[in-house]
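After the structure tokens below, expect a handful of questions from me.
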Number of protein chains: 2
Amino acid sequence: MPKAARNIGLRDVARVAGVSTATVSRAMNNPETVSEELRARIASVVDHLGWVPHGAARALATRRTGTIGAVFPTLTHGDFARAIQALQHELSKSGYTLLLACSEYNPKQEYEQVRKLIERGVDAIVLVGEAHHPDVSGLIQKNNIPHVNTFVYNPETHGTCVGPDNRKALYKLTNYLIELGHRSFGIVAQTAENNDRAQARLDGVRDALAEKSIAIQPRHFAQGHWGINEGRQLFRRILESKPWPTAVLCGNAYLSVGAVLESQAMGIKVPEDMSIVGYDDIEMMSELPVPITTVRVLSDEVGRRTARLLVAKIENKPIGLDLECDAEIVVRKSSGPAKA
Amino acid sequence: MPKAARNIGLRDVARVAGVSTATVSRAMNNPETVSEELRARIASVVDHLGWVPHGAARALATRRTGTIGAVFPTLTHGDFARAIQALQHELSKSGYTLLLACSEYNPKQEYEQVRKLIERGVDAIVLVGEAHHPDVSGLIQKNNIPHVNTFVYNPETHGTCVGPDNRKALYKLTNYLIELGHRSFGIVAQTAENNDRAQARLDGVRDALAEKSIAIQPRHFAQGHWGINEGRQLFRRILESKPWPTAVLCGNAYLSVGAVLESQAMGIKVPEDMSIVGYDDIEMMSELPVPITTVRVLSDEVGRRTARLLVAKIENKPIGLDLECDAEIVVRKSSGPAKA
DNA sequence: TGCTAGTGTGTAACCGGTTACATAACGAAA
DNA sequence: TTTCGTTATGTAACCGGTTACACACTAGCA
């Protein structure tokens, strides 16, 4: 077997074009510093030789890889998927590529993934939420890597997070239900373990209820994973014994879809007998026979702003950007006045 | 401002441990070639200094980055998301990280993304489907990069694709409906432009129908993007004039959900008056009041096998793996005998 | 005792770009 | 004409690992 031919490199381009390697490099990265004529000559040689710059070599020399690492809990949640897609799209506009990893809602795994990403030399890191493995922040700090926590907004940590204020959103949504006359609430929640966003939403509900001195019956509080089927089961568990709550708050889009489907299966009239509301807005929610009232967060906007914030941080530019994303209540048919 | 301290590198580790750089490198990558004693000493120094190997330097020297590039049409499709998650998970077991990009169903964009990934030095590439921009295969070939086309299986290109045989799957599904007595069919399809999988599914349907000399009325064929709402509209268009088909085949999970929801809104009895079937199996389909008959492809299995195939290719190992993924018909309530 | 084979370690030349610094060329100002 | 400033280009030393090859040492054998 003949020895594999050495790949063509910048030196070959330089040789063929009859210039130095520095000039070729400059022609590629700072075209304005190279004379028109050489630039054209070099471009044609590059084209002719089909030279593709070697990323690792460039990364070694510049100490920047042009990659951004992201660790998301899951990709199968439509909102994360949309945010990642927007993030990737926006980053690629600035020449960055996304290195993606999944924590599967496991802090230990998140830590490992972050570690790996740092080894890969990412220029910045994106995480979800503010609650992480205790060593994560040390690792990021020690390596001095810009990072952003997404899907949360916390005025106290301004500049490091992009997303909605989860607590505020559910505080508003709960008050909306209170104004409709509801006094007895059920909650179908995502487990708040390792999930500060889910926790913040619960806090929002509790704060709003506490202000009116409304308490939630323990049997009206169900917590679990997420998914449509999970939503059905948790909803059913809440309705095991009467009296039923007049309004059920779901901590997640899929849970609310499950709750509504189950309510239909049980023959409950929504919203006449019971109001059901969700969080997040996936297409499903507006297409069901009973469209679901929810809090709409534009996930792609979260992704886009995250990208811009990251790029600003990497390039040390000022952040001219609102980091708190809107969380707007979208009223649909699934909510209405409390049954008299 | 003091000049930034040089990062600690392998040379520092070597100096502190009192050995050569080669020995440190070997201790990390081929522990068995280094004496027990040195190995331990080096390990403790590495730990003490908190040294993290520099990925780009290693990549430059080994000519392998340990990254795999993937270009998917979208992430918001649940099946792609699941496959990507499984792919990532499986790859990380073998020490690889996923570089992710999105083509948004645009061949030009796919080509650009592939280009970028190659610049980043990915060790292998994953694409969806076999229909790509004309320059893509040249680019991949020229750079001699292992690649896999996913979500397709084609015996003629065995070894380069992992997924279900789309044509066969819909051929089977159509025959199932024919056996139920259906002779008049409607199709709600995803546009086949730039989407060979959608095309293959259509071919499967047509082949099955042709064998029984069944023709599809042009007005019973509707094609569009995908999504629940799109499904509703396409379905409604098919039913604009009577006589209606007795069975409607949908090219995609979301389209079928839309079709079923719209049929309910229109008061059509499914499956008594009409059968509706889909493709792919997202949670929604089994949770609707009328669960939808469909073809189940285990997307995570597609992702996992893709990962194994890639690793085998990169490391030049034999492929002990079935590359054709099952596409099993899951019969649910939305399909039944044709109305007499 | 001399020779060989085998093991463990060190030396230094890579990998393929970038960029600080030196140099050359040229026009303008003195 | 000399001198200075400006701009365009070249030279070569990096970046931080890996690894071919050389070398030293030990054990085994004739």
Which listed nucleotide (dG16(C), dA12(D), dG10(C)) is nearest to the side chain of Ala22(A)?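 Per side-chain heavy atoms of Ala22(A), the pick is dA12(D).
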All side chain to side chain donor-acceptor pair (under 3.5 Å) counterparts of Asn194(B), not counting sequence neighbours: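 With neighbours one apart ignored, the set is empty.
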Taking only residues two or more places apart in sequence or in another chain, which ones pass salt bridge (charged side-chain N to carboxylate O under 4.0 Å, His left out) with Arg305(B)?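 Salt bridge (charged side-chain N to carboxylate O under 4.0 Å, His left out) check on Arg305(B) returns Glu301(B).
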DNA chain D contacts made by residues 54-62 of chain A, counting heavy atoms under 4.0 Å: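 Residues of residues 54-62 of chain A that come under 4.0 Å of DNA chain D are, in numerical order, Leu60(A), Ala61(A).
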Side-chain N or O of Thr23(A) versus OP1/OP2 of dG10(D): is the shortest distance under 4.0 Å?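 Affirmative; the distance criterion is met.
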Could you check whether Gln85(B) and Asp300(B), counting side-chain N and O atoms only, form a donor-acceptor pair closer than 3.5 Å?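 The answer is no; no qualifying pair exists.
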With distance as the sole criterion, do the side chain of Arg26(B) and the base of dG10(C) form a donor-acceptor contact below 3.5 Å?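 Yes, the side chain and the base share a sub-3.5 Å donor-acceptor pair.
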Taking the axis from the first five pairs and the axis from the last five, what angle separates them in the helix from dT1(C)-dA30(D) to dA30(C)-dT1(D), rounded to 10 degrees?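 The angle separating the two end axes equals 60°.
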Sequence-distant partners of Arg26(B), salt bridge (charged side-chain N to carboxylate O under 4.0 Å, His left out), two or more places apart: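 Not a single residue meets the salt bridge (charged side-chain N to carboxylate O under 4.0 Å, His left out) criterion with Arg26(B).
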Which nucleotide wins on minimum distance to the side chain of Leu10(B), given the candidates dA12(C), dG17(D), dT19(C)?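 Selected nucleotide (nearest to the side chain): dG17(D).
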In residues 28-37 of chain B, which residues come under 4.0 Å of DNA chain C by heavy atom?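 Residues of residues 28-37 of chain B that come under 4.0 Å of DNA chain C are, in numerical order, Val34(B), Ser35(B).
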Give a yes or no answer on whether the side chain of Ser103(B) reaches the backbone of Tyr105(B) with a donor-acceptor pair at less than 3.5 Å.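 Between the backbone of Tyr105(B) and the side chain of Ser103(B) there is a qualifying donor-acceptor contact (under 3.5 Å).
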The side chain of Val19(A) is closest to which nucleotide in this list: dG10(D), dG17(C), dT18(D)?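 From the listed options, dG10(D) comes nearest.
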